[in-house]
Peer 1: 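Got a structure here, written out as structure tokens. Questions coming.
Everything quoted here is computed from the prediction, not taken from an experiment. The figures that follow rest on heavy atoms only: side chains count, while hydrogens, waters and symmetry mates do not.
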Amino acid sequence: MALSKKPVTGMKDILPEEMKIRNYVQNVIKDTYKAFGFTQIETPCVENLSNLTNKQGGENEKLIFKILKRGEKLNLETAQTEADVADNGLRYDLTVPLVRYYSKNANELPSPFKALQMGNVWRADRPQRGRYRQFMQCDIDILGDPSNLAEIELILATTTTLGKLGFKNFQIRINERRILKAMAAYSGFSEESFDSVFIILDKMDKIGLDGVKEELIRHGFATEFVEKYVELFEETDASEHPIEYLSDKLGTYMEDDVKLWMTEIIDSVKATKSSDFEIIFDPTLVRGMSYYTGTIFEIAIPEFGGSCGGGGRYDKMVGKFTGHDVPACGFSIGFERIILLLMEQGFQIPEECEKVAYLIEKGVNGQALCDVIARAQEERKKGTQVLVTRMNKNKKFQKEQLNAQGYENFKEFYKNPLR
């Protein structure tokens with residue numbers, strides 16, 4: 001039986017041209033985030049299943065790649081439940097590993113702690129455009145800051161990065177979980193039904209407000225609650241100052257500080273942003289992770305037609321590990337979707353260093369070969385990218401291939417220097 005040359009479904013090989021762009025984008029992300037004071041860390045790709053299935057990851061907990069127990073721990077004959085055969089899993093995001101990392105190492109970390117983490121994550125999802133089963137995530141998080149300065153810094157760092165990569169006219173959509181809950185409570189929904197209501201509201205982009213109304217009624221919610229809920233969104237959308245309108249309309253259903261909290265974030269970002277984008281309050285924004293407790297935000301890039309990253313505040317998650325809550329907020333940039341857009345746009349890495357190819361005839365060996373390599377090393381010290389390779393019989397075709405890789409200058413070395 002022949003071995004398969006195709007990668008596993010939902011995963012892909014990365015060719016050199018894309019790899020160059022990925023490396024460039026990663027460097028832009030790292031350099032920009034470090035300029036905002038974030039410190040890079042790394043966590044293992046494998047986590048305890050009990051951490052990954054703690055009912056905080058939403059639908060992603062259904063998409064975990066689980067790892068069988070090994071050796072004596074695995075006894076298939078006596079196994080009765082999944083826990084008997086699997087104990088670890090591949091991480092589905094970087095937030096759960098970060099919180100475990102922080103919980104273990106908090107005494108050795110500054111407070112607040114500004115973390116930068118980049119790495120692959122895995123989800124057994126249905127592959128589609130810009131969505132894979134293995135994909136790179138790039139996260140920044142601030143742990144230990146209870147103020148909305150954390151949100152402001154996260155949004156500015158992320159949007160500055162997107163601006164450096166050439167993106168314009170995108171949007172940061174922002175909402176607050178406390179506003180979502182207040183709107184639902186005001187409309188008459190019970191607290192126990194909030195999650196079900198929000199799951200349906202999260203489909204707004206696909207089915208519209210009328211579709212949300214129909215689905216809420218179809219799920220058995222009282223028509224009077226649904227109509228009051230839908231009317232609230234319509235009135236908010238028509239208002240010139242939606243946060244102020246909701247604050248007045250919802251009254252005691254909305255906590256006193258939410259209005260100031262949100263307007264301060266939006267006004268501060270607008271006043272200090274360095275990229276071309278809009279930040280807009282969107283009361284329909286939900287975000288899928290159930291660990292969010294406050295502010296939530298999402299990147300919308302028109303060229304993609306969907307979310308290209310997002311995040312929010314998760315003040316209760318550290319307490320699941322330590323018993324003591326720590327304020328926390330994070331933003332994940334949609335790395336794979338950004339790469340996809342750049343590739344489709346024919347993105348060229350700016351200001352690349354000079355690229356020279358040394359073509360060495362087969363008969364150049366010994367000291368002569370060492371002299372050529374030494375010469376290449378000298379050029380590399382000056383910042384030139386030098387490829388040293390043997391000369392092919394079809395030199396013209398070889399040069400065409402190297403041209404496609406960005407090599408425009410060639411130096412040829414022969415056994416007989418007079419050639």
Peer 1: Would Q385 and Y407 count as having a side-chain donor-acceptor pair, cut-off 3.5 Å?
Peer 2: yes

Peer 1: Who are the ring pair (Phe, Tyr, Trp, His ring centres under 6.0 Å) partners of F135, not counting sequence neighbours?
Peer 2: none

Peer 1: For N148 and T295: C-alpha separation, side-chain torsions, deciding distance, then whether side chain to side chain contact (heavy atoms under 4.5 Å, CB included) applies.
Peer 2: CA-CA 9 Å; N148 58 10; T295 323; over 6 Å; no

Peer 1: Short question: side chain of Q398, backbone of R390 - any donor-acceptor pair under 3.5 Å?
Peer 2: yes

Peer 1: Would you say the side-chain atoms of S4 pair up with the backbone N or O of K6, donor to acceptor, closer than 3.5 Å?
Peer 2: yes

Peer 1: Quick one: do L201 and L216 satisfy side chain to side chain contact (heavy atoms under 4.5 Å, CB included)? Show the steps, please.
Peer 2: CA-CA 9 Å; L201 178 63; L216 285 169; over 6 Å; no

Peer 1: When you look at CD of E400, are more than 12 heavy atoms from neighbouring residues, nucleotides or ligands closer to it than 6.0 Å?
Peer 2: yes

Peer 1: Test side chain to side chain contact (heavy atoms under 4.5 Å, CB included) on F277 and N169 and set out the steps.
Peer 2: CA-CA 5 Å; F277 70 95; N169 303 318; over 6 Å; no

Peer 1: Identify the two heavy atoms, one from C308 and one from L341, that lie closest to each other, and give their separation to 0.1 Å.
Peer 2: SG-CD1, 4.4 Å

Peer 1: For the pair K181 (side chain) and A185 (backbone), establish whether a donor and an acceptor sit closer than 3.5 Å, ignoring hydrogens and angles.
Peer 2: no

Peer 1: Would you say T158's side chain and I155's backbone share a donor-acceptor pair under 3.5 angstrom?
Peer 2: no

Peer 1: By ring pair (Phe, Tyr, Trp, His ring centres under 6.0 Å), which residues pair with Y358, not counting sequence neighbours?
Peer 2: F413

Peer 1: V388 and I360: which non-hydrogen atoms are nearest, and at how many Å?
Peer 2: CG1-CD1, 3.4 Å

Peer 1: If you define the side chain from C-beta out and look only at heavy atoms, does anything of M254 sit under 4.5 Å from S247?
Peer 2: yes

Peer 1: Tell me the closest heavy-atom pair linking F221 and S193, and the distance in Å.
Peer 2: CE2-CB, 3.6 Å

Peer 1: Please report the C-alpha distance between D93 and R123 in whole Å, then the side-chain angles of each, then the deciding distance to 0.1 Å, and finally whether the side chain to side chain contact (heavy atoms under 4.5 Å, CB included) criterion is met.
Peer 2: CA-CA 9 Å; D93 75 355; R123 296 177 191 172; 3.9 Å; yes

Peer 1: For residues I266 and I243, determine if any side-chain heavy atom of one lies less than 4.5 Å from a side-chain heavy atom of the other.
Peer 2: yes

Peer 1: Show me the donor-acceptor pairs, under 3.5 Å and distance only, between side chains in residues 229-237 and residues at least two apart or in other chains.
Peer 2:
residue : atom : partner : partner atom : Å
E235    : OE1  : Y245    : OH           : 2.3
T236    : OG1  : L232    : O            : 2.7

Peer 1: Taking side chain as C-beta onward, heavy atoms only, is L149 less than 4.5 Å from I142?
Peer 2: no

Peer 1: Considering residues, nucleotides and ligands other than K228, do more than 12 of their heavy atoms fall under 6.0 Å from its NZ?
Peer 2: yes

Peer 1: Could you measure the distance from the CD1 atom of I338 to the CD1 atom of I301? Nearest 0.5 Å is fine.
Peer 2: 5.5 Å

Peer 1: Donor-acceptor pairs under 3.5 Å, side chain of residues 24-51 to any protein atom, not counting sequence neighbours: which ones?
Peer 2:
residue : atom : partner : partner atom : Å
N27     : ND2  : N23     : O            : 3.2
T32     : OG1  : V28     : O            : 2.7
T32     : OG1  : K164    : NZ           : 3.4
T43     : OG1  : R91     : NH1          : 3.1
T43     : OG1  : Q117    : OE1          : 2.4
E47     : OE1  : R100    : NE           : 3.0
E47     : OE2  : R100    : NE           : 3.0
E47     : OE2  : R100    : NH2          : 3.3

Peer 1: Please give me the minimum heavy-atom distance between R178 and D257, naming the atom from each residue.
Peer 2: NH1-OD1, 3.1 Å

Peer 1: Just so I know, are the side chains of T293 and R177 near enough to count as touching, which here means a heavy-atom distance under 4.5 Å?
Peer 2: no

Peer 1: Does K320 have more than 12 heavy atoms from other residues, nucleotides or ligands lying within 6.0 Å of its NZ?
Peer 2: no

Peer 1: Is the NZ or CZ atom of K399 both under 6.0 Å from the centre of the six-membered ring of F410 and within 45° of that ring's axis?
Peer 2: yes

Peer 1: In terms of side-chain geometry, is the basic nitrogen of E278 or K270 positioned less than 4.0 Å from the acidic oxygen of its partner?
Peer 2: no

Peer 1: Evaluate the side chain to side chain donor-acceptor pair (under 3.5 Å) criterion for residues T53 and E61: first the C-alpha distance (whole Å), next the side-chain angles of each, then the deciding distance (0.1 Å), finally the verdict.
Peer 2: CA-CA 6 Å; T53 56; E61 293 193 6; 5.5 Å; no

Peer 1: Find out whether P242 and F281 are in side-chain contact, i.e. whether some heavy atom of one side chain is under 4.5 Å from a heavy atom of the other.
Peer 2: yes

Peer 1: Determine, step by step, whether R173 and D282 satisfy the salt bridge (charged side-chain N to carboxylate O under 4.0 Å, His left out) criterion, reporting the C-alpha distance in whole Å, the side-chain angles of both residues, the deciding distance to 0.1 Å, and the verdict.
Peer 2: CA-CA 6 Å; R173 300 162 61 206; D282 182 355; 2.6 Å; yes

Peer 1: Hey, is E18 close enough to K12 for a salt bridge, meaning N to O under 4.0 Å?
Peer 2: yes

Peer 1: Between D125 and R133, is there a donor-acceptor pair closer than 3.5 Å when you use the side chain of the first and the backbone of the second?
Peer 2: no

Peer 1: Using the ring pair (Phe, Tyr, Trp, His ring centres under 6.0 Å) criterion, which residues pair with Y186? Sequence neighbours excluded.
Peer 2: Y253

Peer 1: Considering non-hydrogen atoms only, spot the tightest contact between F189 and F194 and give its length.
Peer 2: O-CE2, 3.5 Å

Peer 1: Could you please spell out the steps behind the side chain to side chain donor-acceptor pair (under 3.5 Å) verdict for T322 and S103?
Peer 2: CA-CA 6 Å; T322 65; S103 301; 5.3 Å; no

Peer 1: Tell me if a side-chain donor or acceptor on S268 pairs with a main-chain N or O of I265 at a distance below 3.5 Å.
Peer 2: no

Peer 1: Find out whether N175 and V286 are in side-chain contact, i.e. whether some heavy atom of one side chain is under 4.5 Å from a heavy atom of the other.
Peer 2: no

Peer 1: Do N409 and E354 meet the criterion of a side-chain donor-acceptor pair at a distance under 3.5 Å?
Peer 2: yes

Peer 1: Walk me through whether K355 and E408 qualify under salt bridge (charged side-chain N to carboxylate O under 4.0 Å, His left out).
Peer 2: CA-CA 7 Å; K355 299 174 73 171; E408 297 180 352; over 6 Å; no

Peer 1: Between T384 (side chain) and R380 (backbone), is there a donor-acceptor pair under 3.5 Å?
Peer 2: no

Peer 1: With side chains defined as the heavy atoms from C-beta onward, is the minimum distance between Y92 and L63 less than 4.5 Å?
Peer 2: no

Peer 1: Looking at E298, is its backbone amide N or carbonyl O close enough to the side chain of S307 to form a donor-acceptor pair, meaning the two atoms are under 3.5 Å apart?
Peer 2: no

Peer 1: Between E153 and K114, is the salt bridge (charged side-chain N to carboxylate O under 4.0 Å, His left out) condition met? List the steps.
Peer 2: CA-CA 10 Å; E153 281 282 277; K114 302 179 75 171; 3.1 Å; yes

Peer 1: What do you reckon, are the aromatic ring centroids of Y291 and Y314 less than 6.0 Å apart?
Peer 2: yes

Peer 1: Minimum heavy-atom separation for A150 to R313, with atom names?
Peer 2: CB-NH2, 3.6 Å

Peer 1: Run the side-chain donor-acceptor check on residues 329-336: report pairs under 3.5 Å with partners two or more places apart or on a different chain.
Peer 2:
residue : atom : partner : partner atom : Å
S332    : OG   : D139    : OD1          : 2.7
E336    : OE1  : R22     : NH1          : 2.9
E336    : OE2  : R22     : NH2          : 2.9
E336    : OE2  : M136    : N            : 2.9

Peer 1: Kindly check if the number of other-residue, nucleotide or ligand heavy atoms within 6.0 Å of CD (E344) is above 12?
Peer 2: yes

Peer 1: What's the spacing between L285 CG and D202 CG if we round to 0.5 Å?
Peer 2: 7.5 Å

Peer 1: Would a 4.5 Å heavy-atom cut-off, applied to side chains only, mark L162 and F170 as touching?
Peer 2: yes

